[in-house]
Amino acid sequence: TKDWNGIEQIVLRNPQGGSARVSLHGGQVISWRNERGEELLFTSSKGILKPPKAMRGGIPICFPQVGNCDSLEQHGFARNKIWVVDDDPPPLPPNDSRGKSFVDLLLKPSEEDLKFWPHSFEFRLRVSLGMDGNLALVSRIRNVNGKPFSFSFAYHSYLSVSDISEVRVEGLETMDYFDNLCKKERFTEQGDAITFESEIDRVYLSSPNCIAVLDHERKRTYVLRKEGLPDVVVWNPWEKKSKAMSDFGDDEYKQMLCVDGAAIEKPISLKPGEEWTGRLEIAVVPSSFCSED
Ligand code: BG6
């Protein structure tokens with residue numbers, strides 16, 4: 001299908017009636033629905049589906065930088081580029097495709113991109129929807145350059161919640177965090193679980209690979225499982241910052257929470273020919289369960 005800007009979108013469906021929609025603009029997942037047709041990702045009613053900016057919501061991909069700590073644009077360029085469908089990707093382990101509906105996308109730097117970030121790479125992204133309705137993203141980034149390079153990365157996942165003040169995040173208690181994407185001052189989480197009553201913009205460091213986001217009002221829990229992504233960004237702009245964002249409704253902060261699988265504290269370094277893989281799988285279940293970890 002095509003959106004109103006003529007940019008292709010791919011719709012994945014499972015036999016149970018679940019779906020996921022991926023835009024070639026940014027390789028961004030812009031919708032994920034369960035078998036009842038309920039949207040599971042937040043997208044802003046003021047979001048703009050028009051390049052060069054990423055639409056506010058869904059899962060934009062932050063690469064080769066998260067935040068704007070270096071000279072590159074905020075959250076890197078990958079989310080603002082037009083990706084292509086990769087018809088012949090190198091194979092992935094069977095678990096990344098068995099019983100799943102999936103699409104493979106590819107991003108390579110243009111001559112223009114190389115002026116800003118002079119590193120040749122191939123970025124392969126597989127987005128899949130399982131029979132169980134789970135959404136999975138697998139990113140493979142290969143250095144096809146003659147020299148090593150390093151990057152930071154995040155799946156900037158905008159989860160849809162009924163009321164942010166009723167939400168809690170489990171799995172990050174006792175973790176160390178940076179209270180800002182770029183300021184490298186360490187704090188330690190004290191609370192039992194994270195709850196929300198003001199703006200939050202933190203990077204939890206070396207966190208467990210399973211994080212649960214509990215939405216009490218909807219009796220819905222997002223279970224995020226990640227691999228290759230040690231850090232977790234937790235972001236909610238709250239009232240004041242929401243008003244300052246032109247593509248975000250003044251009250252929409254109540255209905256979203258970003259919980260990102262990320263690699264930030266220790267940038268990923270790739271030697272020539274090396275490849276890195278980062279996986280995120282999100283499940284929606286009736287109650288919390290990271291218990292087997
Ligand atoms: C979060 C950052 O990940 O993304 C915030 O921690 C930032 O600092 C937010 O404001 C949104 O970024 P952007 O570029 O999509 O407006």
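Order of listing sets the numbers, starting from 1, for every ligand and every atom in it. Given the structure is predicted, the values throughout are model-derived calculations rather than measurements.
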**Study point:** Proximal candidate to atom 14 (O) of ligand 1 [heavy atom criterion; set Arg79, His156, Lys241, Lys53]
**Key:**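 Of the listed residues, Arg79 has the closest heavy atom.
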Point to revise | Heavy-atom gap Arg56 to ligand 1 smaller than 4.0 Å | key: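 Contact check Arg56 vs ligand 1: positive.
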Exercise for review: Could you see which bit of Glu73 sits under 4.0 Å from ligand 1, with heavy atoms only: side chain, backbone, both or neither?
Suggested key: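 Contact part for Glu73 vs ligand 1: neither.
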Exercise for review: May I ask you to check whether Tyr155 and Ser139 show a side-chain donor-acceptor distance below 3.5 Å?
Suggested key: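 Side chains of Tyr155 and Ser139: pair found under 3.5 Å.
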Point to revise | Counterpart residues, side chain to side chain contact (heavy atoms under 4.5 Å, CB included), relative to Asp176 (two or more places apart) | key: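 Testing Asp176 for side chain to side chain contact (heavy atoms under 4.5 Å, CB included), a comparison that skips the adjacent residues, returns Arg186, Thr188, Leu205.
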Check your understanding: Identify the closest protein heavy atom to atom 5 (C) of ligand 1: which residue and atom is it, and at what distance?
Key ->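 Residue, atom and distance for the closest contact: Asp201 OD2, 3.4 Å.
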Check your understanding: Looking only at protein heavy atoms, which one is nearest to atom 12 (O) of ligand 1, and how far off is it?
Key ->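 Heavy-atom neighbour on the protein nearest atom 12 (O) of ligand 1: Gln74 NE2, 3.1 Å.
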Point to revise | Nearest atoms (heavy-atom pairs only) where Pro208 meets Met175 | key: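 Scanning both residues completely, I find the closest heavy atoms to be CD-SD, 3.9 Å.
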Practice item. Please determine if Arg36 and Glu38 form a salt bridge, counting it only when a charged side-chain N lies under 4.0 Å from a carboxylate O. Key: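 Counted as a salt bridge, because a side-chain N and a carboxylate O are separated by less than 4.0 Å.
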Practice item. Compute the centroid of each ring, for Trp117 and then for Phe151, and state whether the two points are separated by less than 6.0 Å. Key: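 Here the rings of Phe151 and Trp117 have centres that are no less than 6.0 Å from each other.
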